[in-house]
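In what follows, chains carry the letters A, B, and so on, assigned in the order in which the sequence lines appear, proteins first and then strands, with residues in each chain numbered from 1.
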There are 2 protein chains.
Amino acid sequence: MTRKKVKLEWITNDNARRVSLKKRRLGLSKKMNELSTLCGVNACAIIYGPNEIELTVWPSHDVVQQQLTHFQSLSELE
Amino acid sequence: MTRKKVKLEWITNDNARRVSLKKRRLGLSKKMNELSTLCGVNACAIIYGPNEIELTVWPSHDVVQQQLTHFQSLSELE
DNA sequence: AGACCTATCTTTAGACT
DNA sequence: GAGTCTAAAGATAGGTC
């Protein structure tokens, strides 16, 4: 998205894709962090690649677990 | 962050905070969307405010539910 | 409250190390 | 592979209607 406008589609080049994932994950974390502090909300994210090894949670495994439980109890009410 | 550099702290003004939350949630969704398409990964997010009415999930309630289940089954393996 | 605008800040693709 | 750099693309605070 910068030296060249990027198309919103799967990056075929393996290396480029991995680099992009790494960078964007970082950027996303930053944004999540900003959102939650600036606006005083709870937020969590789960990201995982095709190979289940690349699992990333934000802000932390524990918090995610907690919020999932909360979310699911809300879901049941509907 | 634009006409003025914003400090990374709770926005005290109620209206400004709500507006910011709305805008940033949108921006975040966009980023999530980009991340998942560009890099071919699954991603989901849960955002909720102090009042539980403002619950937002991405990309959809159903997908989040699905991914939570997946995540929890992985967690149990550890 | 909501949509649109735009100057300015932030993110990031690509190149290099 | 993992950091650093940098210009271009993208996000957004504050304003207006």
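For A:Arg3, taking side-chain heavy atoms from C-beta onward, the closest of the listed nucleotides D:dG14, D:dG1, D:dA7 is D:dA7. The side chain of A:Lys23 has C:dA13 as its nearest neighbour among C:dA13, D:dG14, C:dT11. With C:dT10, D:dA13, D:dA2 as the candidates, the nucleotide lying closest to the side chain of A:Lys22 is D:dA2.
For the pair B:Lys31 and C:dT12, the criterion of a side-chain N or O lying under 4.0 Å from OP1 or OP2 is met. Here B:Arg18 reaches the OP1 or OP2 of C:dA1: one of its side-chain N or O atoms lies under 4.0 Å away. For D:dA13, the OP1/OP2 oxygens have a side-chain nitrogen or oxygen of B:Ser20 closer than 4.0 Å. Phosphate contact (OP1/OP2 of C:dA13, side-chain N/O of A:Lys4, threshold under 4.0 Å): absent.
Here CD of B:Glu34 is found 4.5 Å from CZ of A:Arg24. Values are rounded to the nearest 0.5 Å.
Contact annotation: side chain of A:Arg24 to base of C:dT11, donor-acceptor pair absent below 3.5 Å. Applying the 3.5 Å distance criterion, the base of D:dA9 shares no donor-acceptor pair with the side chain of A:Thr2.
Straight-line distance from the CZ atom of B:Arg25 to the C1' atom of C:dG2: 14 Å, rounded to whole Å. Whole-Å rounding puts the A:Asp14 CG to C:dG14 P distance at 15 Å. Rounded to whole Å, the distance from CD1 on A:Ile11 to C1' on C:dT12 is 11 Å. Per the geometry, NZ belonging to A:Lys7 stands 15 Å off C1' belonging to C:dA13, to the nearest Å. Counting to the nearest Å, the P atom of C:dT10 and the CG atom of A:Leu35 are 16 Å from each other. The distance from atom CD of B:Glu34 to atom C1' of D:dG10 is 8 Å, rounded to the nearest whole Å. The distance from atom CE of B:Met32 to atom C1' of D:dA11 is 17 Å, rounded to the nearest whole Å. Rounded to whole Å, atom P of C:dT12 lies 17 Å from atom CZ of A:Arg17.
Across the interface with DNA chain D, nearest-nucleotide mapping of B:Ala16 and B:Lys30 shows B:Lys30 to be the residue nearer the 5′ end.
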Go through the steps to decide whether B:Leu68 and A:Phe71 satisfy the test side chain to side chain contact (heavy atoms under 4.5 Å, CB included), and finish with yes or no.
CA-CA 10 Å; B:Leu68 298 197; A:Phe71 172 69; 3.4 Å; yes
Could you please spell out the steps behind the side chain to side chain contact (heavy atoms under 4.5 Å, CB included) verdict for B:Asn42 and A:Ile47?
CA-CA 6 Å; B:Asn42 290 108; A:Ile47 299 168; over 6 Å; no
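Counting heavy atoms from C-beta outward, B:Trp58 and B:Val64 have side chains that stay 4.5 Å or more apart.
At least one donor-acceptor pair under 3.5 Å links the side chain of B:Ser36 to the backbone N or O of B:Met32.
Across all strands shown, the partner of C:dT10 is D:dA9, judged by Watson-Crick or G-U wobble contacts whose two distances both fall under 3.5 Å.
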